[in-house]
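The structure under discussion appears below in the form of structure tokens.
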Amino acid sequence: MPIYQAPLRDYQFILSELLNIYERDDLQGFDEIDAELSDAILQGVADFTTEIMLPLNSKGDVEGCQLVEGQVRAPQGFKEAYRQYVDNGWATLTSDPEYGGQGLPECIGVFATEMKTATNMAFAMYPGLTHGAYAAIHAHGSDTLKAKYLEKLVSGQWTGTMNLTEAHAGTDLALLRTKAKPVGEDTYAISGEKIFISSGDHDLAENIVHLVLARLPDAPAGVKGISLFAVPKYLVKEDGSLGCQNGVEASALEHKMGIHGNSTCVMVFDGAIGELVGEPHQGLRAMFTMMNEARLGVGVQGLGVSEIAYQNALSYARERLQGRALSGVKASEQPADPILVHGDVRRMLMAQKAFNQGARALMGQQALWLDESHRHQDKAKAATAAKLAALFTPVVKGFVTDQGFKACVDAQQVYGGHGYIHEWGMEQFVRDSRIAMIYEGTNGVQALDLVGRKLLADKGEALGIWSEMVKPFLAEHLEDETLKPYLLPLMEAITDLEKATQYIVTNGVKNPDIIGAASMGYLQILGIVALGWMWARMAVSANLAIAGGEEDAFYANKLITARFYMSYWAPQTRSFRYQMERSCELLTQLQDSDFD
């Protein structure tokens with residue numbers, strides 16, 4: 001079975017020294033948390049995930065879910081583990097105390113999610129989607145709807161799903177056909193079929209609340225005619241108890257590449273009774289509350305699986321004996337040297353490590369921006385944080401899952417042939433992490449969203465806000481000679497970002513197709529720069545700790561990894577920019593026959 005050690009020391013560093021969350025009295029509720037509390041919570045999650053969830057990961061992958069007489073059964077052990085998860089209160093961490101939640105900041109909750117995802121991505125999806133359903137109803141539902149559903153969703157007694165995709169309508173939701181017919185006061189009959197529905201049906205909880213996109217009879221065409229409905233698997237009586245089964249069922253389980261322990265279903269709604277969430281024809285606005293939260297969660301999936309893959313690859317590289325170092329024998333008492341001595345193995349492992357730690361810091365920053373957008377006492381600053389979170393949502397989802405998957409492939413490569421065999425766990429990590437690049441909006445869609453909405457439609461406002469945060473940081477620390485190895489490469493990467501931005505702004509106006517052709521390269525550039533910004537900040541914090549007399553090897557290790565990021569990852573912005581400048585116009589000129 002793969003091993004896993006929760007990166008608790010890294011969490012402490014990010015929360016306390018990088019983000020300084022324990023000094024944020026300007027954020028509502030932050031005065032109620034301290035390092036001792038957050039450490040205890042994250043330690044508790046670490047214990048649960050390593051002791052309960054991790055042993056079920058491979059078993060769930062092999063067994064998968066089963067559809068028996070219209071009811072989906074999760075893999076053996078999942079039901080008991082989920083009950084323990086609920087009983088321990090892990091479902092309630094960041095939810096509103098009014099509905100039974102603990103009210104913890106997202107910047108703490110995001111690291112709990114990383115540990116859950118790292119140890120068992122398929123299992124973690126059940127409560128993860130539930131929290132998204134909670135968030136949508138909490139933000140857009142009526143008081144009646146909140147009273148009916150939120151307490152049970154927060155506790156984990158009920159779970160939730162999101163139902164968008166139809167066989168003919170994937171990303172293009174304007175094409176969806178599911179209907180909603182009024183049948184009574186505030187109730188509708190929902191009819192249609194949805195596919196790829198994660199956690200669509202299972203036996204873990206007593207009820208499942210489906211959030212479903214559908215069209216009312218008078219709906220205008222396109223996305224402006226989509227409404228959102230809450231449709232429970234079992235109807236809920238006025239006293240809160242469960243009644244008969246609603247007109248919704250899983251007609252099939254998708255046969256998929258990975259995450260076998262999660263029930264990905266084809267859901268059929270046949271006159272199922274549902275209630276409107278938010279205003280008529282405003283379903284996408286309400287659903288995007290859930291989707292944006294889910295996109296952060298998907299980004300964390302890319303990080304979490306990458307982290308556990310790295311930990312196991314590192315352990316294997318230290319133990320596996322193959323060949324001798326090119327510079328001479330390193331382990332003379334052994335018949336061969338550990339493969340960690342070989343340059344390419346070192347390259348793959350350090351690339352993974354530098355990516356994982358940089359991405360983890362960015363996840364913490366993104367979650368803190370979300371906290372600020374909801375909790376800041378200054379409405380203007382809350383609005384600014386919301387803009388920054390929106391700007392980096394496609395980076396967190398798209399860039400992190402892209403590179404997280406590649407890190408898993410590199411971890412598998414470290415194992416050689418053993419990485420291709422199930423018993424070592426690497427091939428499952430590769431299969432599981434691959435979906436993160438696809439669902440909640442493919443990464444190509446994320447890149448187009450970044451360039452089309454967050455850069456051009458926004459006229460660069462959010463990017464400008466972020467730039468004005470970075471410039472003073474660089475100016476403040478550039479005079480310190482010891483910090484230049486961490487700052488100068490970042491400045492060069494920022495120059496590439498600025499030139500790439502100018503290229504898109506200038507050429508995209510003349511030829512809109514260039515926007516699509518250049519968007520993925522631009523996403524990669526901004527992602528590399530964003531992690532570089534986090535690494536520069538971490539280097540400053542580590543350098544400060546060492547200068548203050550801290551002898552903890554953790555800080556020295558941070559500086560070494562920061563140097564590697566700046567020497568290996570940061571220069572890649574140049575090649576992505578060159579690709580954009582030299583290939584995008586050609587891509588827009590190709591004819592269909594050129595692809596033959």
From CA spacing to verdict: side chain to side chain contact (heavy atoms under 4.5 Å, CB included), Met491, Leu488: CA-CA 5 Å; Met491 294 177 67; Leu488 295 180; 4.0 Å; yes
For His422, ring pair (Phe, Tyr, Trp, His ring centres under 6.0 Å) partners two or more places apart: none
Non-hydrogen side-chain atoms of Tyr568 and Met350 separated by less than 4.5 Å: no
Inter-residue atom distance Ser433.OG - Lys406.NZ, 0.5 Å rounding: 12.0 Å
Student check: side-chain heavy atoms of Arg563 and Tyr486 closer than 4.5 Å: yes
Verdict with supporting geometry, His260 and Gln428, side chain to side chain contact (heavy atoms under 4.5 Å, CB included): CA-CA 10 Å; His260 295 154; Gln428 182 188 348; over 6 Å; no
Separation between CZ of Phe429 and OG of Ser306, rounded to the nearest 0.5 Å: 10.5 Å
Heavy atoms from other residues, nucleotides or ligands near CD of Gln591 exceed 12 (cutoff 6.0 Å): no
Aromatic centroids of Phe196 and Tyr439 separated by under 6.0 Å: no
Heavy atoms from other residues, nucleotides or ligands near CD of Gln413 exceed 12 (cutoff 6.0 Å): no
Short N-O contact, Asp344 and Arg347, less than 4.0 angstrom: yes
Flag side-chain contact, heavy atom, 4.5 Å: Glu114 against Val110: no
CA sep, side-chain torsions, deciding dist, call: Leu456, Val451, side chain to side chain contact (heavy atoms under 4.5 Å, CB included): CA-CA 6 Å; Leu456 297 178; Val451 174; 4.2 Å; yes
Close side-chain approach of Phe399 to Asn443, heavy-atom, < 4.5 Å: no
Those residues that, when tested against Phe111, pass ring pair (Phe, Tyr, Trp, His ring centres under 6.0 Å) (two or more places apart): Tyr11
Flag, side chain of Thr130 to backbone of Gly160, donor-acceptor distance under 3.5 Å: yes
Whether over 12 other heavy atoms sit under 6.0 Å from Leu590 CG: yes
Results of side chain to side chain donor-acceptor pair (under 3.5 Å) for Asp10 - residues two or more places apart only: Arg360, Lys558
Min side-chain heavy-atom separation Glu254-Ile195 under 4.5 Å: yes
Side chain to side chain, Gln352 and Leu349, heavy atoms closer than 4.5 Å: yes
Where at least one partner belongs to residues 515-525, residue pairs that pass side chain to side chain donor-acceptor pair (under 3.5 Å), sequence neighbours excluded: Asp402-Gln524, Gln403-Gln524, Thr501-Tyr522
Asp432 side chain vs Ile259 backbone, donor-acceptor pair below 3.5 Å: yes
Under 3.5 Å side-chain donor-acceptor pair for Thr393 and Gln446: no
Please tabulate, for the side chains in residues 464-478, all donor-acceptor contacts under 3.5 angstrom to protein atoms that are two or more places apart in sequence or on a different chain.
none

Check: Gln301 and Thr401 side chains under 4.5 Å, non-hydrogen atoms: no
Euclidean distance, Asn57 CG relative to Ile308 CD1, rounded to 0.5 Å: 6.5 Å
Atom of Gly304, atom of Thr117 and distance for their closest heavy-atom approach: CA-CG2, 4.4 Å
Ser251 side-chain N/O to Met267 backbone N/O, donor-acceptor pair under 3.5 Å: no
From OH (Tyr310) to CG (Asn356), nearest 0.5 Å: 8.0 Å
Partners passing side chain to side chain donor-acceptor pair (under 3.5 Å) against Ser575 (at least two apart in sequence or in another chain): none
Whether Lys116 side chain and Pro127 backbone form a donor-acceptor pair below 3.5 Å: no
With sequence neighbours excluded, residues passing side-chain contact (heavy atoms from CB on, under 4.5 Å) with Thr171: Val445
Test log, rule side chain to side chain contact (heavy atoms under 4.5 Å, CB included), inputs Met426 and Asn312: CA-CA 8 Å; Met426 292 300 105; Asn312 282 271; 3.5 Å; yes
Validation: residues 529-537 side-chain donor-acceptor distances under 3.5 Å, sequence neighbours left out:
{"residue": "Trp535", "atom": "NE1", "partner": "Ala354", "partner atom": "O", "Å": "2.9"}
{"residue": "Arg537", "atom": "NH1", "partner": "Gln365", "partner atom": "OE1", "Å": "2.9"}
{"residue": "Arg537", "atom": "NH2", "partner": "Gln365", "partner atom": "OE1", "Å": "3.1"}

Pairwise distance OG1(Thr165) to CG(Leu173) - rounded to 0.5 angstrom: 7.0 Å
Glu498 versus Gln502, side-chain donor and acceptor atoms under 3.5 Å: no
Sidechain-backbone polar pair: Arg577 side chain, Ala500 backbone, donor-acceptor under 3.5 Å: no
Carboxylate-amine/guanidinium proximity below 4.0 Å for Glu461 and Lys387: yes
Set of side chain to side chain donor-acceptor pair (under 3.5 Å) partners for Lys454, sequence neighbours left out: Asp449
CD (Glu585) with more than 12 external heavy atoms under 6.0 Å: no
Spacing of OG1 belonging to Thr264 relative to CG belonging to Leu253, to within rounding of 0.5 Å: 8.0 Å
Aromatic ring pairing Tyr134/His131, orientation class (parallel under 30°, perpendicular over 60°, tilted between): tilted
Results of ring pair (Phe, Tyr, Trp, His ring centres under 6.0 Å) for Tyr316 - residues two or more places apart only: Tyr415, Trp424
Only distances under 3.5 Å count here; give the side-chain donor-acceptor pairs of residues 210-221 to other protein atoms, sequence neighbours excluded, each with its distance to 0.1 Å.
{"residue": "His210", "atom": "ND1", "partner": "Thr161", "partner atom": "OG1", "Å": "2.8"}
{"residue": "Arg215", "atom": "NE", "partner": "Leu176", "partner atom": "O", "Å": "2.9"}
{"residue": "Arg215", "atom": "NH1", "partner": "Pro220", "partner atom": "O", "Å": "3.4"}
{"residue": "Arg215", "atom": "NH1", "partner": "Gly222", "partner atom": "O", "Å": "3.0"}
{"residue": "Arg215", "atom": "NH2", "partner": "Ala174", "partner atom": "O", "Å": "2.6"}
{"residue": "Arg215", "atom": "NH2", "partner": "Gly222", "partner atom": "O", "Å": "3.2"}

Greater than 12 external heavy atoms within 6.0 Å of Lys224's NZ: no
Set of residues satisfying ring pair (Phe, Tyr, Trp, His ring centres under 6.0 Å) with respect to Phe405, sequence neighbours excluded: none
Any donor-acceptor N or O pair under 3.5 Å, side chains Asp496, Thr573: yes
Side chain Gln412, main chain Gly419, donor-acceptor under 3.5 Å: yes
Expected output: side-chain His376 to main-chain Thr384 donor-acceptor under 3.5 Å: no
Within-4.5 Å side-chain heavy-atom neighbours: Val396 and Met363: yes
Distance-minimising heavy-atom pair for Val414 and Ala313: CG1-O, 3.7 Å
